[in-house]
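Letters A, B, ... are given to chains in the order of the sequence lines, protein chains preceding strands, and every chain is numbered from 1.
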2 protein chains.
Amino acid sequence: MTIQPRTLKGQETQAKLLQTALDCFAAEGYKASSMRVIAARAGVSLSHAYYYFSSKEDIVARLLLNLRTEQFERCRSALDEGNTLESNIRAVFTSGLSVMQPYHEFGPAFLKVLLSQDQVDNELSAVEFSLWEKAVSGARPLPPLGIRSDLPKFLSLLSRQLFSVWAYDQSANQRRSLLLMDNAAPVAAKFAVLCRLPVVRSLFADVLALMDSGSSVQDHQDRQTTRSKVPKAS
Amino acid sequence: MTIQPRTLKGQETQAKLLQTALDCFAAEGYKASSMRVIAARAGVSLSHAYYYFSSKEDIVARLLLNLRTEQFERCRSALDEGNTLESNIRAVFTSGLSVMQPYHEFGPAFLKVLLSQDQVDNELSAVEFSLWEKAVSGARPLPPLGIRSDLPKFLSLLSRQLFSVWAYDQSANQRRSLLLMDNAAPVAAKFAVLCRLPVVRSLFADVLALMDSGSSVQDHQDRQTTRSKVPKAS
DNA sequence: AGACATTTTTGAACGCGTTCAAAAAGCTCG
DNA sequence: CGAGCTTTTTGAACGCGTTCAAAAATGTCT
């Protein structure tokens, strides 16, 4: 994005450029939708596109955000109907797949956007996270109280891993990732239930602490402090 | 790679090209080591480089393989000294980090190579896997018998996830990934120990089954068959 | 030796993402 | 109006990864 236009006409141009790009992506695919093609289709010069978007990746990021938002709209209601956690997890997975499938060839580009963005403070992560929050809070029976508040973060991380498998999945129609997600849903749900047991619960705590130690929030803390968050094992 | 030269001179040229590329990578970094620069430094024309290597990514893949091999050499002996599993895991992590650190800017390129390669049948995965096999079989006390044979595969997958965090880690000197790996070692070891308990053990089995369902081995099997490998949860 | 087939090597080109200096248009005051 | 500012728009260029047809070198067989 990089620039927000001062004038109305500027905003319109930027919007038109973005819409053209998205259309072009859908119609022609990633490689064929060069910046030159997009600019031409939007009726502006190549360099003008760069006035509004600092890179092609910038536009891809918007596409990804759009898709996630559509996924959110598409399955938000289903998550509130008192189904099991497993079925809610599955709902998020399948809605994601159906929204993303037409853009599977964007996989690597999507992943790059996802991984290079700040994992805490960005709109995309917020949408993803709110999906998992709904999936957890709308599940009946509710997951164990002790982990209820941490579960969305955990699921959100899990889904990123699955997404990265999907992104490079070369099997026909991404059969393998579809299968993987189908199988992951019950396992994750089972894990949540087993967290009632102290042993499993403490494992979950360890994993959560790991996730924190890998997040950018800790960037200004020193090593000693952070380390103490992870209980020694042996 | 793509072509194996018929004549001796051809092989020499290819070898020189590869060595030049690797030197260039080390000296100038990823972006600065363009195919043109590499070819020029090796004293051949640009298009000739493409006669021996089908793409720049091809060469990056060789670099990655070289680094993994060096990591293997560097820590193989340490894994056989009867240390704990935790310390062996840590040894693999830290040797990996020290070998890779100078090439951190290659992270995204490395990851692309790693993810787009066939995860079963390629040399790189074989080297990685054998590292984890040594880490497990050389650990004292040995991990529970029931999971001992599956543990290397699990650790291998885990390390890929950590690698992908490292690849995009923007913190100074990759502090965050270093910290993450440091913390992951004891947790993984603890997990292995807890696998003596039936509950944890069955969770491990589920996760392992997941990994299989995401692998390419199953590509020719039908959905029904594969699905039955994962026990229903709820 | 000379003709032929194969392997190696080249130069020129293509389209790509990106950058930049400068032109054009719009806006704000006297 | 028009001088001086900011915002928008452009054309031309750069270096990149990659491709290709064709030249040069090499090897093989009679």
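Atom CD1 of B/I38 is separated from atom C1' of D/dG15 by 14 Å (rounded to the nearest Å). Atom CD1 in B/I59 sits about 14 Å away from atom P in D/dC16, given to the nearest Å. In this structure, CD of B/E12 is placed 11 Å from P of C/dT9, rounded to the nearest angstrom. Put simply, OH on B/Y51 is 16 Å from P on D/dC20, counting in whole angstrom units.
A donor atom on one side chain and an acceptor atom on the other are found under 3.5 Å apart for B/R74 and B/S98.
Mapping A/M35 and B/T13 onto DNA chain C via the closest heavy atom, the residue that lands nearer the 5' end is B/T13. Between A/S47 and A/K31, it is A/K31 whose nearest contact on DNA chain C lies nearer the 5' terminus.
Contact annotation: A/K9 reaches the phosphate of D/dT9 (side-chain N/O to OP1 or OP2, under 4.0 Å). Between C/dT9 and B/S45, no contact under 4.0 Å exists linking OP1 or OP2 to a side-chain N or O. Within the 4.0 Å cut-off from OP1 or OP2 of D/dC20, not a single side-chain nitrogen or oxygen of B/Y50 is found.
Checked by atom type and distance alone, the side chain of B/E133 never pairs as donor or acceptor with a backbone atom of B/L151 at under 3.5 Å. Using modelled atom types, one side-chain atom of A/S33 and one backbone atom of A/C24 make a donor-acceptor pair closer than 3.5 Å.
Ring-plane geometry between B/W132 and B/F93 is classed as perpendicular, the angle between the planes exceeding 60 degrees on a 0 to 90 degree scale with a lower cut at 30.
With hydrogens and angles left out, the side chain of B/R36 and the base of D/dG17 share a donor-acceptor pair within 3.5 Å.
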